[in-house]
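Below is one structure; the comments refer to it alone.
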Amino acid sequence: MAYEKLTPPETGEVIEYVRAFECRAPDRPIIPFIEGDGIGVDIWPAARRVFDAAVESAYGGDRRVEWFEIFAGGKAVERYGQGEYLPEDTLQAIRDYRVAIKGPLTTPVGGGIRSLNVTIRQILDLYACVRPAKWYEGTPSPVREPEKIDVVIFRENTEDVYAGIEWKVGSEEQAKVRRFLNEELGTEIPEDAGIGVKPISEAKTRRLVAAAIRYALDKNRRSVTLVHKGNIMKFTEGAFRQWGYEVAAEEFGDQTVAEDDLWEGDERKDPGGRLVIGDRIADAMFQQLLLRPDEYDVLALPNLNGDYLSDAAAAQIGGLGMAPGGNVGDESAVFEATHGSAPKYAGQDKVNPGSLILSGALMFDTIGWGEVKGLIEKGVEAAIRDKVVTYDLARQMEGSRKVKCSEFADAIVERL
């Protein structure tokens with residue numbers, strides 16, 4: 001595999017990747033990583049130390065990750081030149097090695113890229129943004145019973161507002177679109193209105209919901225809930241709901257059951273071991289996530305609904321510093337810290353590396369190394385339970401010991 005300015009490890013093998021959440025790692029997988037901008041210089045070394053220790057603890061010397069640094073953001077510009085925030089080398093390395101992990105990236109100001117994170121997802125067709133939300137004992141939370149939340153959100157990554165098209169008030173394009181809609185289709189859009197279009201397609205909806213269902217079946221989850229605003233947007237979000245039910249019945253009919261089919265009057269029948277497929281209106285689901293989170297397992301959502309619900313779920317388990325995430329497609333996957341690059345804290349060895357560490361746990365589980373995921377989660381929870389935490393958690397925990405980013409990683413390793 002030839003690159004312009006990258007040198008892969010001399011040893012190691014490519015991960016066998018079938019499709020989203022169906023892959024298997026060899027004993028020496030090569031995994032590309034992007035350190036990230038800002039606090040990436042702090043949280044990546046901390047996370048990598050935890051990863052390597054967990055692999056060693058799980059498998060001794062029988063398995064080991066061969067890490068392969070690739071570049072995006074500021075370090076890419078340093079290596080490849082002005083304006084090269086996302087080199088083709090980086091994208092090709094992810095295509096070649098299939099699974100990668102990254103720290104946070106700063107969107108360039110005044111550059112031609114709207115968002116580096118979004119661009120990576122769209123170019124590589126990483127259509128499922130997967131955001132688990134699980135509370136670890138001792139983590140500060142604004143809700144009374146955070147232990148009730150253990151959900152995995154599948155947010156569509158390539159359509160809806162991420163693929164939205166807009167026309168500015170006063171532009172020639174806006175006038176043309178408004179005139180067509182008003183004169184040809186009978187709408188009444190005022191002259192001073194910005195106009196936007198958000199596409200939601202059948203094919204991309206079906207593949208997202210199918211991935212969520214396969215994940216739920218593999219992890220022995222109880223339900224997949226389709227979250228939408230179909231009561232208002234009937235032919236986009238309402239269609240998302242309809243297509244979701246269709247793919248469940250057509251592709252997983254013997255393993256799933258529609259929630260409505262379980263009710264006989266006021267009595268709910270036992271699903272008989274089948275995965276329950278239901279749906280909720282988006283605003284109602286927001287309330288459900290706060291009041292009755294233990295009734296939900298996997299949520300499948302269009303892009304915008306998934307955006308705010310995943311952050312709301314993260315808030316219940318300690319914030320984005322404790323929220324893992326991955327962007328998964330049928331050809332490759334990139335796991336990432338879900339927060340920003342916080343450049344004002346860069347190099348201070350201060351911030352919480354938990355999001356990146358737990359994203360690594362999700363990555364290891366995805367490649368079939370579930371033992372590593374279990375050890376990482378055990379170490380994180382033990383450190384928090386012992387109140388050895390970074391400043392963001394320490395200021396909310398009476399009697400805690402505030403430690404540096406690197407020291408939090410040490411605390412986790414000690415407790416594997």
Side-chain angles (χ1 to χ4, degrees), residues 19-22 127-133 148-160 199-310 312-313 328 330:
R19 60 181 174 182
F21 289 100
E22 291 187 28
Y127 60 83
C129 179
V130 182
R131 294 277 298 273
K148 287 186 174 182
I149 187 165
D150 183 6
V151 301
V152 181
I153 291 174
F154 274 67
R155 169 195 179 198
E156 211 289 323
N157 236 351
T158 64
E159 293 196 303
D160 195 14
I200 293 181
S201 71
E202 179 177 0
K204 292 185 177 181
T205 295
R206 292 175 71 97
R207 70 177 182 176
L208 175 83
V209 175
I213 291 173
R214 285 196 301 270
Y215 177 91
L217 290 170
D218 183 59
K219 304 302 179 185
N220 295 315
R221 294 277 183 161
R222 299 166 299 167
S223 65
V224 171
T225 304
L226 310 167
V227 183
H228 59 91
K229 194 64 177 172
N231 56 326
I232 304 298
M233 305 296 291
K234 300 182 187 301
F235 306 123
T236 50
E237 303 213 10
F240 179 93
R241 169 190 179 276
Q242 175 188 337
W243 293 326
Y245 276 118
E246 288 176 358
V247 75
E250 293 168 11
E251 297 187 25
F252 306 93
D254 59 338
Q255 299 171 284
T256 67
V257 59
E259 184 178 37
D260 286 349
D261 292 342
L262 292 176
W263 289 95
E264 289 184 354
D266 294 332
E267 296 293 324
R268 188 178 189 270
K269 295 184 294 184
D270 188 289
R274 292 172 295 175
L275 182 71
V276 178
I277 310 298
D279 74 276
R280 298 291 184 273
I281 301 298
D283 46 316
M285 187 64 233
F286 208 133
Q287 180 174 245
Q288 293 282 297
L289 195 62
L290 288 167
L291 299 179
R292 299 157 68 176
D294 52 326
E295 295 181 14
Y296 298 92
D297 272 326
V298 176
L299 308 180
L301 315 90
N303 185 270
L304 182 58
N305 296 337
D307 199 3
Y308 61 72
L309 273 173
S310 59
V328 183
D330 285 332

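When a residue number appears, it is its place in the shown sequence, counting from 1. What you see is a predicted model, and the numbers here were worked out from it, not measured in a lab.
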ask   = Taking only residues two or more places apart in sequence, or in another chain, which ones meet Arg19 in a salt bridge (charged side-chain N to carboxylate O under 4.0 Å, His left out)?
value = Glu22

task = Report yes if some heavy atom in the side chain of Asp160 is under 4.5 Å from a heavy atom in the side chain of Phe240; otherwise report no.
result = no

remark   = Phe154 meets the ring pair (Phe, Tyr, Trp, His ring centres under 6.0 Å) criterion, sequence neighbours left out, with Phe21, Tyr215

task = Give the intermediate values and the outcome of side chain to side chain contact (heavy atoms under 4.5 Å, CB included) for residues Tyr245 and Val209.
result = CA-CA 9 Å; Tyr245 276 118; Val209 175; over 6 Å; no

message = Which residues pass the side chain to side chain contact (heavy atoms under 4.5 Å, CB included) test with Pro199, not counting sequence neighbours?
response = Ala163

ask   = Got Arg207 and Tyr127 here, is their nearest side-chain heavy-atom distance under 4.5 Å?
value = yes

message = Going by side-chain hydrogen bond (donor to acceptor under 3.5 Å, both in side chains), name the residues that satisfy it together with Glu156, two or more places apart in sequence or in a different chain.
response = Thr158

key: Pairs touching residues 270-289 that satisfy salt bridge (Lys or Arg N to Asp or Glu O under 4.0 Å), sequence neighbours left out   = Lys229-Asp283, Arg241-Asp279, Glu259-Arg280

ask   = What distance do Leu301 atom CG and Met285 atom CE have between them, rounded to the nearest 0.5 Å?
value = 8.5 Å

message = Under the rule for salt bridge (charged side-chain N to carboxylate O under 4.0 Å, His left out), what residues qualify as partners of Lys234, not counting sequence neighbours?
response = none

request  = Could you give me the CA-CA distance, side-chain angles and deciding distance for Val130 and Ile153, then say whether side chain to side chain contact (heavy atoms under 4.5 Å, CB included) is met?
outcome  = CA-CA 6 Å; Val130 182; Ile153 291 174; over 6 Å; no

remark   = Contacts of Glu267 meeting salt bridge (charged side-chain N to carboxylate O under 4.0 Å, His left out) (sequence neighbours excluded), chain-then-number -> none

task = Using the ring-ring contact (aromatic ring centres under 6.0 Å, His included) rule, collect all pairs that involve residues 265-299, keeping only residues at least two apart or in two chains.
result = Phe286-Tyr308

key: Interatomic spacing from CG in Leu299 to OG in Ser223 - rounded to 0.5 Å   = 8.0 Å

ask   = In terms of heavy-atom contacts, does CD of Gln287 have more than 12 from other residues, nucleotides or ligands at under 6.0 Å?
value = no

remark   = Smallest heavy-atom separation, Ile277 atom then Ala248 atom, equals CG1-CB, 3.8 Å

query = Atom CD1 in Ile281, atom CD in Glu237: separation rounded to 0.5 Å?
reply = 9.0 Å

message = Are Leu309 and Val227 packed together at the side-chain level, in the sense that at least one heavy-atom pair is separated by less than 4.5 angstrom?
response = yes

message = Would you say that Leu275 contacts Val257 through its side chain, given a criterion of any heavy-atom pair below 4.5 Å between the two side chains?
response = no

ask   = For Arg221, which residues count as a salt bridge (charged side-chain N to carboxylate O under 4.0 Å, His left out) partner, sequence neighbours excluded?
value = Asp150, Asp297

query = Closest heavy-atom contact between Val224 and Ala216?
reply = CG2-CB, 3.7 Å

inquiry  = Restricting to side chain to side chain contact (heavy atoms under 4.5 Å, CB included), what partner residues turn up for Lys148, sequence neighbours left out?
reply    = Glu145, Pro293, Asp294

note = Heavy-atom closest pair (Asn303 atom, Asn157 atom, distance to 0.1 Å) is ND2-CA, 4.0 Å

request  = Compare all side-chain heavy atoms of Asp261 with those of Lys269 and state whether any distance is below 4.5 angstrom.
outcome  = no

key: Taking every non-hydrogen atom, the tightest pair across Ala20 and Asp330   = N-OD1, 3.1 Å

ask   = How many angstroms lie between CZ in Arg222 and CG in Asn220, if you round to the nearest 0.5 Å?
value = 12.0 Å

query = Mind checking what makes side-chain hydrogen bond (donor to acceptor under 3.5 Å, both in side chains) contact with Ser310, not counting sequence neighbours?
reply = Arg131

message = For Ala210, give me all partners under side chain to side chain contact (heavy atoms under 4.5 Å, CB included), at least two apart in sequence or on another chain.
response = Arg214, Val247, Glu251, Phe252

